[in-house]
Amino acid sequence: MSEWNQNEYMKERRDKNRAVNIPACKNPERRRKCEANTELWFTTYLPKAFPKEFGEPHMVMIDRSDSAILHGGRSVVAEPRGYGKSTTFKARALKALLAGEKRYCALIGADASAAEKNLKGIILWIMFSETIAEDYPEIYYPIKASADGKPYPTAQKAKTLLIGEVETCGCEFDIEAEKGKPLFLDLKTSPAFLYFPWYPKAKSSGAVLFSAGITSGVRGENRHLPDGSIIRPDLVLIDDPQTKESAKSPSQIKTRKEIIEEDLAGLAGQGEEISMLCATTVIEKDDLSDQLLNRKLNPDWRGERTSMLDSFPEHLNDAKGSAVNWDEYNKIRIEGLDEDDNGVMANTYYLDNQEILEQGAVTTWEGIKKKKHISAIQSAMELYLKDPKGFFSEYQNMPKSDEDETNRLTRDQVLKALNGLRINEIQEGFNIETLAIDLNDYALSWGYLSIKNDMTSNICNYGQYPEGARNVWDSEMDVTREEAFTTALVDFIRLSHKRYPNALIGIDGNWCTQVVHQVCKQMNREGIKCYVLRGKSHKIFKQLKPSDKRLIGTNRDGCYYQKGINGNEIPFNSDLWHMRTQSAFRIQSPAPSSLSVYGSDPKKHLVLADHCVADKLLAHFVKDGKVYYDWYKASTEHNDIFDAISMAQILGNMFGAGYVKDGQYKRVKKVKRKKKTMRKY
């Protein structure tokens, strides 16, 4: 045999080993019926993944996913923890691609590890489902061949596969003409994607399943097909877009929401419609999931909340005079735990009083029943009794505030505190105007307020200077920090005085203190009233005695005007005033002491809301005659605009406005105003 013939022989042999033979679909009628019914498709092709009968939340998820995939739009469904929403999501993505409902599905998880896990799970479903092998042979056999006898497919083997003998399988093409051509099957784990085999005109031909973490930088995804066409994602399924850590961080919430609204929504390209579906569980009040589910705040998302219990038992405790109640059950359950009785005492009590204990209770899924329990309601109520707050968030998707959170401001409360006024508009009776500036390297954050005598305040404008990406100062600049801040403060104050000639101006003096004092002295010489404010924690703040020679004027509410080492300044109790400012947002405007924001569109104040809730009041109590505050703020959060607004309120209090309930109400003479032109920064 010649060398040339030997090469041909070896090539034919290799091609034969690489060729994938595709049998006919075993049950076309079953495939057709299942593709028309998602619930039936799940139980037929993935019976081991869905061994239990579906509950109400599952049917809501299926209905919303069908609507989003088949008709477009955005839907978000909150399911209780443990209801299998991730399994439902992965199954819906697989069905959408196999049935030809979509061509390019982006399955987005909370992080990269979740993304890789999701893709591997779907590939293993294809490999080990007998019914998928029978009814979708054009997908099953190439993926099985790429595994080459191993437990999981390999990308190296997948890329070498060719089209072999193909029987009727819904692929309308010239079999003989395509035989021996590449299948273009491909898969990777980082980034995680699966390129389906290429059969011209087949429903799933060349489809793509892409899986990534939400913060992985998903932009510009596309695939070039063998026929020269390019496909982009037409379906985005977002599986649990937040972690426990990110749910507590306003900045991470904001970042992830921007990724969803901008990066993911734009994957389809200009002029193309994309279907988006998010499955989630609410972790914290006002977290990413809670915001997406709020139809008023996000009307483009069709939010649906589902819960473990549609209604709670009537006899939670003995408040209704019933000796049989869930508090009593819990006492018996805990006694049994102490005796290691494996739940016998609790089950005995439950069986004896089941009718009374379950009265009024309705659960959404019988599948939550644990083997050791009598009923699903008992399983649900044990979760509630162990952690009531966690139950309302992760199982009811309706997070509650505990006693320590009664004074905690929420993002939603800030966004609802709108007064409908125009930017920079001042109402009659708001006689005091203040503007305060908070200093940071990245910006001067400021807030401009108009204030009534009773401390009712309107935020007329706010922002950061300079605008854009330019910092006030960074280490690469040719000037010192002091020089940069002096220039920025002088320029901004002069500009502000032209806009707001009646405003008292305050500057945070805790940073670059000498610079701030020098700037204030210079501005005062120019006829611009400027004051230095110095915030102190409640542990070190002390109100001066009326006889103290340092005191200028009279003491005010947690603040006073004094002669300092560097010049005159206003020390204030930062813990008290942070709490007062946050509390003012919760008072309905125009009630006395309320704080409201200009405008009527909450979306324009999302950044303000983030700054206002960055400081979280964990506890506020009196001990041994002293007032204590316990605040929490993540190091990654910005609260600078809120600090400026709080200082602007302090200026108002210092120069006439007072809280009626504290006996500090003092009338302020109406100020003769200079004419000014309203402008936006």
Asp412-Thr410 side chain donor-acceptor pair, cut-off 3.5 Å = no

For the atom pair CZ (Arg481) and CG (Asp441), what is the distance rounded to the nearest 0.5 Å?
-> 4.0 Å

Fit a plane to each ring of Tyr561 and Phe655, take the angle between them on a 0 to 90° scale, and name the class: parallel (under 30°), tilted (30 to 60°) or perpendicular (over 60°).
-> perpendicular

Intermediate values then yes/no, side-chain hydrogen bond (donor to acceptor under 3.5 Å, both in side chains), Asp548 and Tyr560 | CA-CA 11 Å; Asp548 197 307; Tyr560 53 87; over 6 Å; no

Ser246 side chain to Thr243 backbone, donor-acceptor under 3.5 Å | yes

Ser307 side chain to Gln396 main-chain N or O, any donor-acceptor pair under 3.5 Å?
-> yes

Side chain Glu425, main chain Arg422, donor-acceptor under 3.5 Å | yes

Euclidean distance, Leu435 CG relative to Lys529 NZ, rounded to 0.5 Å = 15.0 Å

Parallel, tilted or perpendicular for Phe642 and His578, by the 30°/60° rule?
-> perpendicular

Would a distance-only check, ignoring hydrogens and angles, find a side-chain to backbone donor-acceptor pair under 3.5 Å from Arg305 to Asn397?
-> yes

Verify side-chain hydrogen bond (donor to acceptor under 3.5 Å, both in side chains) between Asp438 and Ser445, making sure each step is shown before the conclusion.
-> CA-CA 5 Å; Asp438 187 64; Ser445 301; 5.2 Å; no

How about Gln291 and Arg411: does a side-chain donor come under 3.5 Å of a side-chain acceptor?
-> yes

Compute the ring centroids of Phe541 and Phe572, then answer whether they are less than 6.0 Å apart.
-> no

Is Lys244 salt-bridged to Glu284, going by a charged N under 4.0 Å from an acidic O?
-> no

Taking the six-membered ring where the residue is Trp, are the ring centres of Phe485 and Trp511 under 6.0 Å apart?
-> yes

Does Arg64 use its side chain to pair, donor to acceptor, with the backbone of Val76 at less than 3.5 Å?
-> no

Under the salt bridge (Lys or Arg N to Asp or Glu O under 4.0 Å) test, which residues partner Arg81, sequence neighbours left out?
-> Asp240, Glu394

CZ of Arg74 to SG of Cys278, rounded to nearest 0.5 Å, is 11.5 Å

Determine, step by step, whether Glu261 and Trp301 satisfy the side-chain hydrogen bond (donor to acceptor under 3.5 Å, both in side chains) criterion, reporting the C-alpha distance in whole Å, the side-chain angles of both residues, the deciding distance to 0.1 Å, and the verdict.
-> CA-CA 10 Å; Glu261 298 288 357; Trp301 287 89; 3.1 Å; yes

Could you check Lys539 against Asp575 for salt bridge (charged side-chain N to carboxylate O under 4.0 Å, His left out), going step by step and ending with a plain yes or no?
-> CA-CA 9 Å; Lys539 296 178 181 178; Asp575 291 310; over 6 Å; no

Could you go through the side-chain contact (heavy atoms from CB on, under 4.5 Å) check for Ser393 and Ile283 one step at a time?
-> CA-CA 5 Å; Ser393 60; Ile283 298 175; 5.9 Å; no

Does the ring pair (Phe, Tyr, Trp, His ring centres under 6.0 Å) test come out yes or no for Tyr462 and His611, once each step is laid out?
-> CA-CA 12 Å; Tyr462 63 87; His611 280 242; 8.8 Å; no

Could you give me the CA-CA distance, side-chain angles and deciding distance for Glu79 and Thr281, then say whether side-chain hydrogen bond (donor to acceptor under 3.5 Å, both in side chains) is met?
-> CA-CA 6 Å; Glu79 272 199 358; Thr281 296; over 6 Å; no

Side chains of Gln242 and Asp287: donor-acceptor distance under 3.5 Å anywhere?
-> yes

Worked verdict on Asn566 versus Thr513 for side-chain contact (heavy atoms from CB on, under 4.5 Å) = CA-CA 8 Å; Asn566 296 296; Thr513 304; 3.9 Å; yes

Indicate whether the side chain of Asp640 and that of Asn440 have a donor and an acceptor atom separated by less than 3.5 Å.
-> yes

Without swapping roles, check the side chain of Arg232 against the backbone of Leu267 for a donor-acceptor pair under 3.5 Å.
-> no

Kindly say whether the aromatic ring centers of His605 and Tyr598 come within a distance under 6.0 Å.
-> yes

Any donor-acceptor pair under 3.5 Å from Ser596 side chain to Ser589 backbone = no

With side chains defined as the heavy atoms from C-beta onward, is the minimum distance between Trp446 and Ile507 less than 4.5 Å?
-> no

Measure from the side-chain N and O atoms of Asn502 to the backbone N and O of Glu433, and report whether any donor-acceptor pair falls under 3.5 Å.
-> no

Under the side-chain contact (heavy atoms from CB on, under 4.5 Å) rule, what do Leu237 and Met276 come out as? Steps first, then yes or no, please.
-> CA-CA 6 Å; Leu237 299 181; Met276 298 182 71; over 6 Å; no

For Asn471 and Asp474, indicate whether the former's side chain and the latter's backbone hold a donor-acceptor pair under 3.5 Å.
-> no

Test Leu449 against every option in Asn461, Ile432, Ile459, Asn458 by the side chain to side chain contact (heavy atoms under 4.5 Å, CB included) rule and name the one that passes.
-> Ile459

Is it true that the side chains of His517 and Glu569 contain a donor and an acceptor less than 3.5 Å apart?
-> yes

With no hydrogens and no angle check, is any side-chain donor or acceptor of Gln562 less than 3.5 Å from a backbone partner on Ile570?
-> no

